[in-house]
Every structure is written in C-alpha cells, then in structure tokens.
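Bear in mind that the values here come from a model prediction, so they are computed numbers and not experimental data.
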Amino acid sequence: MTHLNPLDVVTTQTGLRQLAEQLSLEYAGAVAPGRVLRLVLTTGHRLRRQGLGHDDLLRVTKSAVRADLITLIGASLSAGGPRDGERLATA
C-alpha cells in the first residue's frame with residue numbers, strides 16, 4: 001500500500017478545486033458548477049490512483065474534463081437541448 005504525504009493530498013485537493021473553479025467560469029451558463037466540480041474531482045482522484053504527480057495530474061485532469069464537457073454540451077445540443085443561454089447541464 002502506498003502512503004501519501006498529507007501535504008501532497010492537501011496540495012492536490014486545492015489544485016483540483018481551483019481547476020474546477022476555473023473551468024466553471026469558462027463554461028458558465030453551459031454547465032452547472034456542481035457538474036464541473038464533480039467531473040474534476042472524480043477525474044483527478046482516478047488519475048491520482050494511477051500514480052500521476054501533482055503537475056501532470058492537474059494538466060491531464062484539465063484536458064480530460066474539457067473533453068468531457070465539450071462532449072456533454074454537444075450531446076445536449078444535438079438532442080435539441082436548451083437554447084439562447086438556457087443551462088445545458090445540471091449537477
């Protein structure tokens with residue numbers, strides 16, 4: 001079993017929450033902030049279990065979550081989802 005340094009865990013959690021806030025602002029009006037936070041934390045924790053270090057973890061998480069959000073928004077639009085500023089996805 002691998003033991004994580006508590007400081008690394010706190011630093012990673014802080015980085016993931018800051019990333020979620022940034023992406024929530026970028027996708028405001030298209031995706032609910034709770035959905036973005038859940039995607040970031042889920043993806044980040046999965047990548048952490050795979051052994052990625054802090055910087056790589058944040059970079060890969062950001063890329064993966066952006067891809068997921070674009071897919072989510074595209075699926076909603078192609079299914080005749082909300083238009084003209086209506087919220088596309090909720091938490």
In this structure, CG of L39 is separated from CG of L16 (nearest 0.5 Å) by 12.0 Å
Gap separating the OG1 atom of T12 from the CG atom of L52, nearest 0.5 angstrom
10.5 Å
Quick note, side chain to side chain donor-acceptor pair (under 3.5 Å) partners involving residues 65-75, not counting sequence neighbours, are E26-R66
So do H54 and D8 actually touch side chain to side chain, heavy atoms under 4.5 Å?
no
Let me confirm one number: the CG-CD distance from L37 to E21, rounded to the nearest 0.5 Å.
10.5 Å
S76 side chain to L72 main-chain N or O, any donor-acceptor pair under 3.5 Å?
no
Search all heavy atoms of V36 against all heavy atoms of A20 and return the closest pair with its distance.
CG1-O, 3.6 Å
Side-chain polar contacts of residues 56-64 - donor-acceptor pairs under 3.5 angstrom, sequence neighbours left out - could you list them?
residue : atom : partner : partner atom : Å
D56     : OD1  : R59     : NH2          : 3.0
T61     : OG1  : L57     : O            : 2.6

Just to verify, what does H45 make a side chain to side chain donor-acceptor pair (under 3.5 Å) with, not counting sequence neighbours?
Q13
Between I70 and Y27, does the side chain to side chain contact (heavy atoms under 4.5 Å, CB included) criterion hold? Intermediate values first, please.
CA-CA 9 Å; I70 290 168; Y27 290 91; 4.0 Å; yes
